Amino acid sequence: MKVEFDNSLVTGNAMIDEQHKELIGKIDRLLSCCEQNGGKVEAIKMLDYLAEYTDFHFGEEEKLQEEVSYPAIEEHKKQHAAFKKAVEELHEMLVDEEGPTEAFVAAVNKNVVDWLFDHIKKMDQALAAFIQK
């Protein structure tokens, strides 16, 4: 399954959009690794890389929200924390398994891809609209 940044994910904020493209690219590489029967070690490295970039991106987004006194910042931070927890749980799942199983891939699709796309379309697009006002 190919995961790509498309027009439905555009927020209109150049920094956020570029970082989302990078983040989605990392998710796509993780899923490609799993689908091509990449080993456990390789999948863990890809997931760790995704987690690191997520921390960077969320930090940048939250800094931006503070700068513009975004009224929904606390809810946004809660959602970011929930996503980080989901990634940690995926890491535990991957470590406990013998490699990236079908259940792991399904969890990535649900807890990372679906979550992120929904978050971008609702929370991040609302943030960008607030900034543009």
Side-chain angles (χ1 to χ4, degrees):
M1 175 185 157
K2 183 85 175 145
V3 180
E4 296 178 299
F5 184 90
D6 63 31
N7 287 338
S8 72
L9 301 171
V10 172
T11 66
N13 180 286
M15 179 199 79
I16 292 173
D17 288 341
E18 285 306 310
Q19 290 181 8
H20 285 164
K21 287 176 188 175
E22 183 72 21
L23 186 57
I24 291 166
K26 290 180 187 332
I27 294 166
D28 184 60
R29 286 191 287 280
L30 171 63
L31 288 170
S32 293
C33 168
C34 294
E35 289 171 358
Q36 296 168 5
N37 298 318
K40 179 178 179 176
V41 173
E42 184 180 357
I44 288 172
K45 284 181 185 176
M46 297 296 294
L47 189 59
D48 287 346
Y49 191 49
L50 171 64
E52 287 175 27
Y53 193 80
T54 299
D55 284 344
F56 165 75
H57 169 64
F58 287 169
E60 292 294 303
E61 234 181 49
E62 290 170 8
K63 229 186 302 183
L64 179 61
Q65 290 175 58
E66 289 170 5
E67 289 170 6
V68 299
S69 300
Y70 187 55
I73 189 171
E74 290 308 316
E75 177 59 28
H76 214 116
K77 284 182 176 182
K78 284 180 191 173
Q79 287 203 5
H80 286 171
F83 183 82
K84 288 179 187 180
K85 184 173 178 3
V87 172
E88 287 172 19
E89 290 170 356
L90 286 168
H91 191 275
E92 290 170 16
M93 182 181 189
L94 191 54
V95 169
D96 291 344
E97 300 291 328
E98 292 190 19
T101 62
E102 285 183 29
F104 175 79
V105 171
V108 169
N109 280 309
K110 179 181 179 225
N111 300 328
V112 174
V113 177
D114 292 348
W115 183 95
L116 183 63
F117 282 27
D118 185 64
H119 178 80
I120 291 170
K121 290 175 183 178
K122 293 177 182 168
M123 300 293 289
D124 290 344
Q125 288 178 349
L127 167 62
F130 177 84
I131 293 168
Q132 290 173 352
K133 285 184 182 178

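Each residue takes its place number in the sequence, starting with 1. These numbers were taken from a predicted model, which means no experiment stands behind them.
Applying the ring-ring contact (aromatic ring centres under 6.0 Å, His included) rule to F56 yields the partners Y53; only residues at least two apart in sequence or on another chain are considered. Partners of E102 by salt bridge (Lys or Arg N to Asp or Glu O under 4.0 Å), not counting sequence neighbours: none found.
Contact check for I44 versus V41: no side-chain heavy atoms found under the 4.5 Å cut-off. At a threshold of 4.5 Å between non-hydrogen side-chain atoms, the residues H76 and F58 do not count as touching. Under the 4.5 Å side-chain criterion, counting only non-hydrogen atoms from C-beta, K77 is not in contact with Q65.
When hydrophobic clusters are built by joining Ile, Leu, Val, Met, Phe, Trp and Tyr residues whose side-chain heavy atoms come closer than 4.5 Å, directly or via intermediates, M123 is not grouped with F117.
A salt bridge does not link K63 with E66: every distance from a Lys NZ or Arg NE/NH1/NH2 to an Asp or Glu carboxylate oxygen is 4.0 Å or more. A salt bridge links K21 to E18: one of the charged nitrogens lies within less than 4.0 Å of a carboxylate oxygen.
The minimum heavy-atom distance linking K121 with S8 is given by the pair CE-OG, 3.3 Å. Considering all non-hydrogen atoms of both residues, T11 and Q125 come closest at CG2-CG, 4.0 Å.
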Next on the checklist: Pair E61, H80 - check side chain to side chain contact (heavy atoms under 4.5 Å, CB included), show working.
Outcome noted: CA-CA 10 Å; E61 234 181 49; H80 286 171; 2.9 Å; yes
Return all side-chain donor-acceptor pairs below 3.5 angstrom for residues 81-96, not counting sequence neighbours, or 'none' if the list is empty.
unit_1 : atom_1 : unit_2 : atom_2 : d
K85    : NZ     : E89    : OE2    : 2.8
H91    : NE2    : D48    : OD1    : 3.0

Which donor-acceptor pairs under 3.5 Å do the side chains of residues 23-35 make with protein atoms, sequence neighbours left out?
unit_1 : atom_1 : unit_2 : atom_2 : d
K26    : NZ     : E22    : OE2    : 2.7
K26    : NZ     : Y49    : OH     : 3.1
D28    : OD1    : V3     : N      : 2.9
D28    : OD2    : K2     : NZ     : 2.8
S32    : OG     : D28    : O      : 3.0
E35    : OE1    : M1     : N      : 2.8
E35    : OE2    : M1     : N      : 2.5

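Applying the ring pair (Phe, Tyr, Trp, His ring centres under 6.0 Å) rule to pairs touching residues 1-20 yields H20-H57, sequence neighbours excluded.
Rounding to the nearest 0.5 angstrom, the gap separating the CG atom in N13 from the CG atom in D124 is 9.5 Å. Rounding to the nearest 0.5 angstrom, the gap separating the CD1 atom in I73 from the CD atom in E75 is 12.0 Å.
Its side chain within the 4.5 Å cluster rule, M15 clusters with I16, L64, V68, Y70, L127, F130, I131 among the Ile, Leu, Val, Met, Phe, Trp and Tyr residues.
Heavy-atom contacts from other residues, nucleotides or ligands closer than 6.0 Å to NZ of K110 number 12 or fewer.
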